[in-house]
J.: 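Have a look at this one.
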There are 2 protein chains.
Amino acid sequence: MARGSFRQQLLRVREDAIIATVNRLLAEKGFDLMTVDEVAADVGIAKASLYKHFASKEALAAAAMVRVLERGAALLDELAERADLSALDRLRAVASWAMEQQLKGEMPTLPSQNSTLRAELLGSQRYVDLLMTSSDRLGEWILQAQADKAIDPALPPEVVLYTLFARACDPVPGFLKATGQYADDQIVAMMLRTWLDGLRPPAGA
Amino acid sequence: MARGSFRQQLLRVREDAIIATVNRLLAEKGFDLMTVDEVAADVGIAKASLYKHFASKEALAAAAMVRVLERGAALLDELAERADLSALDRLRAVASWAMEQQLKGEMPTLPSQNSTLRAELLGSQRYVDLLMTSSDRLGEWILQAQADKAIDPALPPEVVLYTLFARACDPVPGFLKATGQYADDQIVAMMLRTWLDGLRPPAGA
DNA sequence: GTCTATAAGAGGATAGAC
DNA sequence: GTCTATCCTCTTATAGAC
């Protein structure tokens, strides 16, 4: 793939900076409390300039979501090549990554009720594509883990998939961190343990 | 306790209607997307009248949270008297109730990031009291369930408590309901099973 | 594409009559 | 305590010069 002209690269770098800021603000305060003024001030450009890059506040959020999905997809690529890992290992690694992102304040989360935002996301080809291909891939690993009896085959795979996604925006890690009693990796370890043990086949099976 | 005059009772009834509306709207769209105009229109009174009852939008939300906590506390009272139930049974019943409320669209949830709202809640004596007494009671049952070996004694009790509270606002039941494949009680059963199995002691213990 | 300045409108809150 | 009418701030988005 061509890299484009120098000018285009500059543009790309600036947009990356914008998205990084949006990403952080979405993780910190959420979509509704994040203001476009704030984003512009944080990036260091005028608000009008920001609107030359992204058509709306919703588009900003969508771009941040696409970026995090791209990073997630890259992780899936890596994990798929690791022949030494079981399907359950891969699922554990994905959940672990998501919770680490969240604990570092770099996991953007969006309100699922906002219909304007929802429309913008579903209108984004890239977003929908990434979400579907990632879900397909995770779905395969879930089926494999069930075949391995690492996950209860009686559970509908979508239940497993949804709980995996839910771990990425679970408030519990944040609460535990707020107590100041646990390091990030301890929190992740406890969350993984309770999540995965809840999916195991019954002892008698 | 005296019931107060007839006029005071009327007032109480109206405020109950307001809180019921707020409760539903908070469950449907969340705090940020709920507007005071909407609440007033839904109740059928003018917005200015609404402000005679509650000083601010935050106060409205706090009242709704107090109501749900009161209902939860009433449930805890009932469960405490049931000598036939184990500690784990009681915890299961509480989680079950919370998820049923959520699936019926009657569980108000607030954004944990909004500091104005947080300040209002922590400034409400009744809210803080209810939260603390309920947490204490649940904490006792958690310790008892750990003594019974129904919950892994190695897990910090607060982890169990937080995951219990988190079940009340977990997005997974809503997603499962949206697929149209499961009845509410099936969803609750699957969620309970995965939650509680995740807390069990390891098989070897 | 960047800026300053401003439009446009939503939404929380209040004034003042009854 | 209820109403109508209004205020005022905040926020999204754009106009228009450079």
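In what follows, every chain begins at residue 1, and chains take the letters A, B, ... in the order their sequences are listed.
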J.: May I have the distance from E58(A) (atom CD) to dT11(D) (atom C1'), rounded to whole angstrom?
T.: 12 Å
J.: Looking for any heavy atom pair under 4.0 Å, which part of the strands does T35(B) touch: base, sugar-phosphate only, or nothing?
T.: sugar-phosphate
J.: Ignoring hydrogens and geometry beyond distance, is a side-chain donor-acceptor pair present between E100(A) and S96(A) at under 3.5 Å?
T.: yes
J.: Can a donor-acceptor pair under 3.5 Å be found between the side-chain atoms of K47(B) and the base atoms of dG12(C)?
T.: yes
J.: Quick check on dA13(C): is either OP1 or OP2 less than 4.0 Å from any side-chain nitrogen or oxygen of Y51(B)?
T.: yes
J.: Please determine whether a side-chain nitrogen or oxygen atom of S49(A) lies at a distance below 4.0 Å from atom OP1 or OP2 of dG1(C).
T.: no
J.: Specify the separation, in whole Å, of atom CG of D37(B) and atom C1' of dT4(D).
T.: 13 Å
J.: Side chain of A46(A): nearest nucleotide among dT2(C), dT2(D), dC3(C)?
T.: dC3(C)
J.: Please report the distance, rounded to the nearest Å, between NE2 in H53(A) and P in dT12(D).
T.: 18 Å
J.: Find out whether the Lys NZ or Arg CZ of K177(A) is both under 6.0 angstrom from the six-membered ring centre of Y182(A) and within 45° of the ring's axis.
T.: no
J.: I need the CD1-P distance between I45(B) and dT4(D), as an integer number of Å.
T.: 12 Å
J.: How many whole angstroms separate atom CD of Q9(A) from atom P of dG1(C)?
T.: 14 Å
J.: Using whole Å, report how far CG of L33(A) lies from C1' of dT12(D).
T.: 15 Å
J.: Rounded to whole Å, please give me the gap between CG in L11(B) and P in dG1(D).
T.: 5 Å
J.: State whether K47(A) and D37(A) are salt-bridged, where the test is any N-O pair (Lys NZ or Arg NE/NH1/NH2 against Asp/Glu carboxylate O) under 4.0 Å.
T.: yes
J.: Toward the 5' end of DNA chain D, which comes first, A48(A) or R14(B), by nearest nucleotide?
T.: R14(B)
J.: Does this structure show an ion pair linking D77(A) with R137(A), if we count only N-O contacts that are shorter than 4.0 Å?
T.: yes
J.: Look at R24(A) together with E28(A) and state whether they make a salt bridge at an N to O cut-off of under 4.0 Å.
T.: yes
J.: NZ of K57(B) versus P of dG11(C): gap in Å, rounded?
T.: 9 Å
